[in-house]
Each structure stands twice: as C-alpha cells, then as structure tokens.
A.B. asks: 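So that we are looking at the same thing, I have put the structure below in structure tokens.
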Amino acid sequence: MIRHVKGNVHWVGKTDWELKKFHGSEYSTHRGSTYNSYLVREGKTALIDTVWAPFAKDFVDNLEAEVGLGSIDLVVQNHAEVDHSGSLPELLRRRPGLPVYCTANAVKSLKGHYHEDWNFQVVKTGDSVELGNGKQLVFVEAPMLHWPDSMFTYLAGEAVLFPNDAFGQHYASEFLFNDEVDQDELWAECVKYYANILTPFSPLVAKKIKEVVALNLPVEVIAPSHGIIWRKDPLQIVTQYAEWAADYREDRVAILYDSMWDGTRHLAEAIAKGVSQASPSTDVRVHNVAKTDKNDVITEVFKAKAVLLGSPTINHGILHSMAGLVEQMKGLKFKGKKGGSFGTYGWSGESVKQLGASLRDCGFEVLDEGFAALWEPDAGVLASAFEYGKSLATRL
Ligand code: FEO
C-alpha cells in the first residue's frame with residue numbers, strides 16, 4: 001500500500017510482522033521488521049530501494065496497480081544486500097532497461113548476487129539527478145555503513161534523507177513515523193540495531209556524521225530502510241548515533257556466564273552482589289548466555305562499562321555458548337571497556353584464563369587473572385567471590 005511521507009514522497013515498502021530472525025539466524029527480530037522502499041514522484045519518478053525477495057512479486061504487483069510500472073523512470077539502489085535489492089530481478093524483468101543508480105561497489109555486489117548486467121548508472125559523492133519541479137537527488141557514498149557499497153541519497157528541495165540501513169531499526173509497525181510509536185520500544189530497537197550491526201564501524205559513523213553535518217543541508221525527514229521514519233526532531237537519531245559511536249558505555253556491569261551444575265552461576269551471583277554493594281549506583285546485569293537471546297546479550301555488552309565472563313572448565317576449554325559470545329564480541333570491536341573472568345572447575349581448570357585471554361583479544365582491558373573456584377563454591381568461596389566483586393567495583 002502506498003503511504004504518504006512528505007511532499008511527493010511515498011512509502012511503498014513491506015511490513016514483515018512475522019520475521020523473527022534476520023541475516024539467517026544471526027539477528028533476532030522480536031518485533032519483526034520492515035523493508036522500506038520509497039517513491040519520489042516529481043517530473044521524473046524515482047524508486048528508492050526495493051524489498052526482500054520473498055515479497056518481490058507482491059511488491060512489483062502493488063507498484064503496477066498503484067502507480068504503474070511504466071511511470072517509474074529510475075531506481076536508486078542505496079545498498080545491494082538482498083533485503084533491499086531482492087525485488088530488482090522481478091522489477092527489471094518487467095521493466096527491462098530501467099536505470100539503476102548505485103555505487104561502483106554496489107554494481108559488483110548486485111552482479112555477485114544476481115548475475116545480471118542491468119543498466120547500472122554508477123554514482124559517487126556529489127553526483128545528482130534532476131527530477132524536475134526543483135527537486136534533485138544527491139548521492140553521498142557511505143562505505144562500510146555498513147557494507148562497502150552503502151550510500152545515502154538526499155532529496156534536495158524536500159529535505160528528505162534516505163540513509164538506507166543507517167538510523168534504522170528492526171521494528172514492524174502500522175505506524176509510519178517516530179512520533180507515533182511507543183518510544184521505549186523504538187529506542188530499544190535502535191540501540192540493539194546499533195550494538196549488533198554498527199559497533200565495528202563506529203569510527204566511520206562518527207566521520208560520516210561530521211561530513212554530512214558540514215554540508216549544512218536542511219534535513220526535515222530521515223527515511224531509513226528499516227523501521228519507522230524520523231519526522232519529529234529527525235536529527236535526534238543522528239545525535240544519538242554520534243554518542244553511540246564515541247566508545248559508548250553507561251554505569252553498567254554485565255556479568256555473562258554459562259553453568260553446568262550451577263557452580264559458576266553461584267559465583268556470578270556472588271560477584272554481582274559484591275559489585276552492587278561497593279557501587280550501589282551501578283546497574284549490574286546477570287545473564288546466563290545459554291538462556292538469553294544472543295543479540296540482547298550483545299546489547300548489554302554495548303551498554304556496559306565492564307563485562308565479566310564466566311564458564312566452568314570443560315574438556316580443557318569453555319562452554320560453547322561462551323565461545324559463541326566471544327566470537328561475536330571479537331567481531332564487533334568494542335572499545336574502552338574493562339573485563340574480567342570467573343568460573344568453577346573440577347580438575348584441569350583452564351576456563352578462567354582462557355576467558356581472560358579472549359577478552360584481551362576482543363580489545364578489553366582485563367583487570368586481573370580472574371576468579372577460579374575448585375568444585376561447587378562453599379560459603380567461604382562465595383564470600384571471597386563477593387569480596388572479589390567489591391574489589392572489581394573499585395577498579396571500574
Ligand atoms: Fe538492511 Fe544491509 O541490509
């Protein structure tokens with residue numbers, strides 16, 4: 001269904017209420033998502049991005065029914081990942097020869113995905129397309145935000161920015177705009193999205209924001225490719241991204257563990273109480289990683305100033321849930337955070353040392369050699385774990 005955004009800009013995307021996993025199973029989408037596509041109808045009509053392949057036929061049928069495929073003069077493909085380009089094959093099968101404006105890297109990516117040689121019009125930063133009626137599409141390359149091919153498109157004359165994945169959220173809603181939705185839900189999805197997708201690119205986020213702000217362009221609407229559209233105080237999400245990009249941390253400690261017979265859990269809880277007693281204002285969160293959504297865990301890591309990892313020793317190593325978490329943390333390149341490790345063991349006891357080494361690999365400042373306990377912790381060991389937590393709190 002075509003929905004009005006601003007001026008002659010309309011949303012023609014797909015709301016995917018059913019989506020619970022994205023990027024395969026790498027990203028949980030508790031609240032579904034949307035694939036936003038926009039139609040700009042001036043002297044020329046431009047379609048900005050498309051929707052994911054499973055919805056391609058409906059998407060193109062809807063365009064045909066509501067505006068007529070023959071009325072579309074050009075497509076802008078801000079980013080080639082299939083959730084945005086997945087309808088191009090169907091669209092271009094029915095409108096062969098339609099020009100596709102995208103970056104040089106997007107041509108490589110689109111050819112790699114679809115093995116088609118469409119009518120690509122390669123653009124770079126500062127290039128533009130006149131749409132008539134005083135409106136112009138201006139392109140700004142945004143490499144690694146979050147793929148090499150990513151770009152932003154700005155609609156001059158209407159002050160609408162189409163930044164594709166940037167400033168988005170995986171959040172399905174029948175509302176279209178930021179001022180209409182539940183603010184707690186909206187911001188929870190924004191921070192999860194940043195933490196899990198954009199963290200490794202934070203230096204580039206900061207640089208791109210400075211570059212775009214320096215252009216001094218009016219921005220009245222920010223229309224990303226996922227989730228709601230920012231029309232009320234649209235720059236609030238840009239300001240928030242600048243803060244998140246600056247080695248973000250709150251006065252929080254995340255204690256993340258897995259446990260076989262509860263020994264490591266008992267340590268986690270004792271350490272948490274110690275941290276909390278020594279620093280009552282610190283928000284201490286304790287999660288069993290094997291029982292908690294992995295992307296929600298990463299969001300906790302993103303918010304925390306310190307992360308303590310716990311695992312018992314198994315087969316000279318750590319539990320696989322913790323290994324998965326460490327792999328995620330390594331790729332996301334968190335900066336400016338402190339870390340520690342703990343765990344129980346019955347004989348060889350390598351887990352605490354290994355978790356400390358992993359935290360160093362992930363770029364964390366590891367505070368000490370960690371807290372290891374032989375067998376199930378008794379009252380004395382738990383008291384020591386409590387004291388260890390208190391001691392950690394003074395070093396965070
Ligand atoms: Fe929403 Fe990078 O795709």
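We use all heavy atoms of the structure for the numbers below, so side chains are in, but hydrogens, waters and symmetry mates are not. As the structure lists them, so they are numbered: ligands from 1, and atoms in each ligand from 1.
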A.B. asks: Does a donor on one side chain sit under 3.5 Å from an acceptor on the other, for H84 and D165?
C.D. replies: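 Yes - a donor-acceptor pair under 3.5 Å links their side chains.
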A.B. asks: Can you see whether Y154 engages S128 through a side-chain donor-acceptor pair at a distance of less than 3.5 angstrom?
C.D. replies: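 No, no side-chain donor-acceptor contact under 3.5 Å.
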A.B. asks: Would you say S37 and T50 are linked by a side-chain donor-acceptor pair, where the criterion is simply a distance under 3.5 Å?
C.D. replies: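 Note: T50 and S37 side chains miss the donor-acceptor criterion.
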A.B. asks: Does one side chain, of E81 or H23, offer a donor that lies under 3.5 Å from an acceptor on the other?
C.D. replies: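 Indeed, the side chains of E81 and H23 share at least one donor-acceptor pair under 3.5 Å.
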A.B. asks: Show all protein N/O/S atoms under 2.8 Å from atom 1 (Fe) of ligand 1, or state that there are none.
C.D. replies: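 Within the sphere that stays under 2.8 Å of atom 1 (Fe) of ligand 1, the protein atoms of type N, O or S are D83 OD2, H84 NE2, D165 OD1, H226 NE2.
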A.B. asks: Just checking, any donor-acceptor pair under 3.5 angstrom between side chains of D368 and Y388?
C.D. replies: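 Yes, because at least one side-chain N or O of D368 sits under 3.5 Å from a partner of the opposite role on Y388.
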A.B. asks: Among side-chain atoms of K192 and S28, is any donor-acceptor pair under 3.5 angstrom?
C.D. replies: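 S28 and K192 do have a side-chain donor-acceptor pair below 3.5 Å.
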